[in-house]
S.K.: 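Dropping a structure here in structure tokens format, bear with me for questions.
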Amino acid sequence: MSLTVLVAIVVIGIAAVLVAVHASGGTRAAELANADRARRRFAEDFPNETIAEVLLTTPPTAAFLLLDGTRTGIVQAVGMHFLTRIVRPPDLAAVDADGATLCLKTRDFTWAGGCFRFASAGEVQRLSQRLSPANRNEQRKSA
């Protein structure tokens with residue numbers, strides 16, 4: 001078999017795999033349809049948690065769920081799946097609010113954090129105050 005034919009077979013094979021993945025929805029990011037969907041998805045991993053309020057990002061690829069004390073649940077789209085976790089102020093190295101955007105940097109190497117856009121600056125301000133590492137003392141009191 002000539003090298004040209006072999007290269008053509010490999011290129012066509014890779015292209016076919018990429019088209020199949022795209023056609024099956026593998027390149028589409030997951031979204032949360034509404035706050036109830038975020039609650040249900042979070043409850044799959046943390047069934048005993050009581051959720052007081054849900055704040056969805058814009059676009060709805062993540063949700064912040066206000067839990068007891070200063071704990072906050074997060075549901076975030078990662079490809080076609082969702083990452084769920086609970087964060088407390090001591091878990092965060094930095095919380096930056098800029099208008100309707102909230103940027104988090106965590107101390108956890110498994111999830112560095114990220115920037116999230118919300119519908120209003122008011123939502124960001126509330127979350128920023130709740131998640132601020134300055135709330136560490138409050139977290140210790142509630143523990």
S.K.: Students often mix this up, so state it plainly: with edges at 30° and 60°, are the rings of Phe64 and Phe116 parallel, tilted or perpendicular?
M.R.: perpendicular
S.K.: More than 12 heavy atoms of other residues, nucleotides or ligands under 6.0 Å from CG of Asp98: is that the case?
M.R.: no
S.K.: Are Ile12 and Leu3 connected, step by step, through hydrophobic side chains (Ile, Leu, Val, Met, Phe, Trp, Tyr) whose heavy atoms are closer than 4.5 Å?
M.R.: no
S.K.: For the OG1 atom of Thr57 and the CG atom of Leu127, what is their distance to the nearest 0.5 Å?
M.R.: 11.0 Å
S.K.: Between Arg41 and Glu44 (salt bridge meaning N to carboxylate O under 4.0 Å), is one present in this structure?
M.R.: yes
S.K.: Which is it for Thr58 and Arg117 under the side-chain hydrogen bond (donor to acceptor under 3.5 Å, both in side chains) test, yes or no, and what are the steps along the way?
M.R.: CA-CA 6 Å; Thr58 304; Arg117 184 149 182 81; over 6 Å; no
S.K.: With the threshold set at 4.0 Å, does a side-chain nitrogen-carboxylate oxygen contact exist between Arg71 and Glu49?
M.R.: yes
S.K.: My understanding is that only one of Val54, Ile86, Ile74 makes a side-chain contact (heavy atoms from CB on, under 4.5 Å) with Phe42; could you say which?
M.R.: Ile86
S.K.: Is there a side-chain contact between Arg37 and Phe82, using heavy atoms and a 4.5 Å cut-off?
M.R.: yes
S.K.: Between Leu67 and Ile51, is there a side-chain heavy-atom distance shorter than 4.5 Å?
M.R.: yes
S.K.: Is there a side-chain contact between Ser128 and Leu102 in this structure, where contact means two heavy atoms from C-beta onward sitting under 4.5 Å apart?
M.R.: yes
S.K.: Of Arg130, Arg39, Arg126, which meets salt bridge (charged side-chain N to carboxylate O under 4.0 Å, His left out) against Glu53?
M.R.: Arg126
S.K.: Could you see if Val87 belongs to whatever hydrophobic cluster contains Leu32? Use Ile, Leu, Val, Met, Phe, Trp, Tyr and a side-chain cutoff under 4.5 Å.
M.R.: no
S.K.: Quick check on the hydrophobic clustering: are Trp111 and Phe46 connected, directly or via other members, by side-chain heavy-atom contacts under 4.5 Å?
M.R.: no
S.K.: Set out, in order, the CA-CA distance, both residues' side-chain angles and the distance that settles side chain to side chain contact (heavy atoms under 4.5 Å, CB included) for Leu65 and Val75, then state yes or no.
M.R.: CA-CA 8 Å; Leu65 300 92; Val75 177; 3.7 Å; yes
S.K.: Less than 4.0 angstrom from a charged side-chain N to a carboxylate O is my criterion; do Arg85 and Asp108 meet it?
M.R.: yes
S.K.: I need the Asp91 CG to Lys105 NZ distance, nearest 0.5 Å.
M.R.: 14.5 Å
S.K.: Please round to the nearest 0.5 Å and tell me the distance separating atom CG of Asp45 and atom CG of Leu83.
M.R.: 9.0 Å
S.K.: Once rounded to the nearest 0.5 Å, what's the spacing between atom CG of Leu104 and atom OG of Ser132?
M.R.: 11.0 Å
